[in-house]
*Asks:* 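Dropping a structure here in structure tokens format, bear with me for questions.
In what follows, chains are A, B, ... by sequence order, proteins preceding strands, each numbered from 1.
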Protein chains: 2
Amino acid sequence: MLNEFDLFKDFLHKQRLRWTPQRKMILDIFLSFEGHVQIETLHEKIREQDPSIGIATLYRTLKLLVDCELVEAHSFQNGKKTYERMFHVRHHDHLICTSCEKTIEFEHPLIEKYQVEICEAHGFTMKSHKMELFGICDNCRIKNNTLSFL
Amino acid sequence: MLNEFDLFKDFLHKQRLRWTPQRKMILDIFLSFEGHVQIETLHEKIREQDPSIGIATLYRTLKLLVDCELVEAHSFQNGKKTYERMFHVRHHDHLICTSCEKTIEFEHPLIEKYQVEICEAHGFTMKSHKMELFGICDNCRIKNNTLSFL
DNA sequence: ATTGATATTGATAACTGTTATCAATATAGA
DNA sequence: TCTATATTGATAACAGTTATCAATATCAAT
């Protein structure tokens, strides 16, 4: 059974790149997080373990991990990128309460199917997708109704 | 019938901010584009009409337009933001090429229907949603295949 | 129309996240 | 062990964006 380390090693080997302690440590620490991770968060954790590792190496290694498709990069409004594990993780979407920020994860096979169809119809090869539904959850709705009498 | 200019004026007035020729011109030029517009594109067009307008004013005005919900800001991998008209525009989702960043807008009524169902099933009242499909467009796929023979 | 408080402007310095440069060092195949 | 070369950390450079500031424009009150 393949794991991320073997996949990364293979990838490096095929590209005639090298397996180094720094790359091992960065992958190790990256995998210790779940969901979207920021460079800053990774950098802090890495410094704890070994302050001698430079920030450039972190960026370089993440780029390699993206190249070998173990990791996906996302951009957000504040200009910072986040990195997300892509291997051995089941895809899911998010339902987000705009009032209390509670999030629920869900999957919907039919929606996934249509997404692929849409991509194909436009000549795209789909790599990933992101769907976020924003609304008001039961709790908040009831709370708001109650408060509106005040 | 309200238009963008009136809405923006109202918004500024309520916030005790001022209606200026620069703000008018920037909104005017922004509306002359469709879909996603980059700061750079706007800046070029503005310089044609009035080279004295500074880039800072452009950024400031766009921020105001986002605040009053006439415009939505998006971030992409290359670190640049794009701005999208949000008023008098039918809701749509995005298909984004991760290679050349081309975006295509689409709608899918069935997906919208399922989204509502999912929200209801979790006791949410849906307010809005965002769906982005990431992939490789035809052009980039062909280009990459060709280059891989070199 | 004039006034005056203050919001806005353009120029540009500063800032932030990321990438490129480079000399010293580490890696891995022979 | 040896050697070609990939990698490293420090830091300069870079790009997009935001903050600063003195001069100017706006607009409500007069």
*Asks:* Expressed in angstrom and rounded to an integer, what is the separation of Arg16(B) atom CZ from dT8(C) atom C1'?
*Replies:* 17 Å
*Asks:* In whole angstroms, how far is the C1' atom of dT8(C) from the CG atom of Leu64(B)?
*Replies:* 11 Å
*Asks:* Is it the case that more than 12 heavy atoms not belonging to Gln15(B) sit under 6.0 Å from its CD atom?
*Replies:* yes
*Asks:* Please tell me which of the listed nucleotides, dT8(D), dT8(C), dA11(C), lies nearest to the side chain of Arg23(B)?
*Replies:* dT8(C)
*Asks:* Could you state the atom-to-atom distance from CG of Leu12(A) to C1' of dG29(C) in whole Å?
*Replies:* 16 Å
*Asks:* How close or far is atom C1' of dT18(C) from atom CG of Leu58(A), stated in whole angstroms?
*Replies:* 11 Å
*Asks:* Determine the interplanar angle of the His94(B) and His74(B) rings, folded into 0 to 90°, and report it as parallel if under 30°, tilted if 30 to 60°, perpendicular if over 60°.
*Replies:* perpendicular
*Asks:* Measure NZ/Lys24(A) against P/dA26(C) and give the value in whole Å, please.
*Replies:* 19 Å
*Asks:* Atom CG of Leu42(A) and atom P of dG17(C): how far apart are they, to the nearest Å?
*Replies:* 14 Å
*Asks:* Under a 3.5 Å cut-off for both contacts, is dT7(D) paired Watson-Crick or G-U wobble with anything, and if yes, with which nucleotide?
*Replies:* dA24(C)
*Asks:* Between dT8(C) atom C1' and Ile55(B) atom CD1, what is the distance in whole Å?
*Replies:* 17 Å
*Asks:* Whole angstroms only, please: what is the CG-P distance between Leu62(A) and dT18(C)?
*Replies:* 10 Å
*Asks:* When you check the phosphate oxygens OP1 and OP2 of dT17(D), does a side-chain N or O of Lys63(B) lie under 4.0 Å from one of them?
*Replies:* no
*Asks:* Short question: side chain of Thr41(B), backbone of Val37(B) - any donor-acceptor pair under 3.5 Å?
*Replies:* no
*Asks:* Checking Thr57(A) side chain against Ile53(A) main chain: does a donor-acceptor pair fall under 3.5 Å?
*Replies:* no
*Asks:* Should the heavy atoms of other residues, nucleotides or ligands under 6.0 Å from NE2 of His13(A) be counted, would the total exceed 12?
*Replies:* no
*Asks:* Do nucleotides 21-30 of chain D as a string where each nucleotide becomes B, S or -: B if the base has a protein heavy atom under 4.0 Å, S if just the sugar-phosphate does, - if no protein is that close.
*Replies:* ----BBSS--
*Asks:* Have His92(A) and Glu107(A) got a donor and an acceptor in their side chains that come within less than 3.5 Å?
*Replies:* no
*Asks:* According to a strict under-4.0 Å criterion, is Tyr59(B) in side-chain N/O contact with OP1 or OP2 of dT18(D)?
*Replies:* no
*Asks:* Between Ser128(A) and Glu72(A), do the side chains contain an N or O donor and an N or O acceptor separated by less than 3.5 Å?
*Replies:* yes
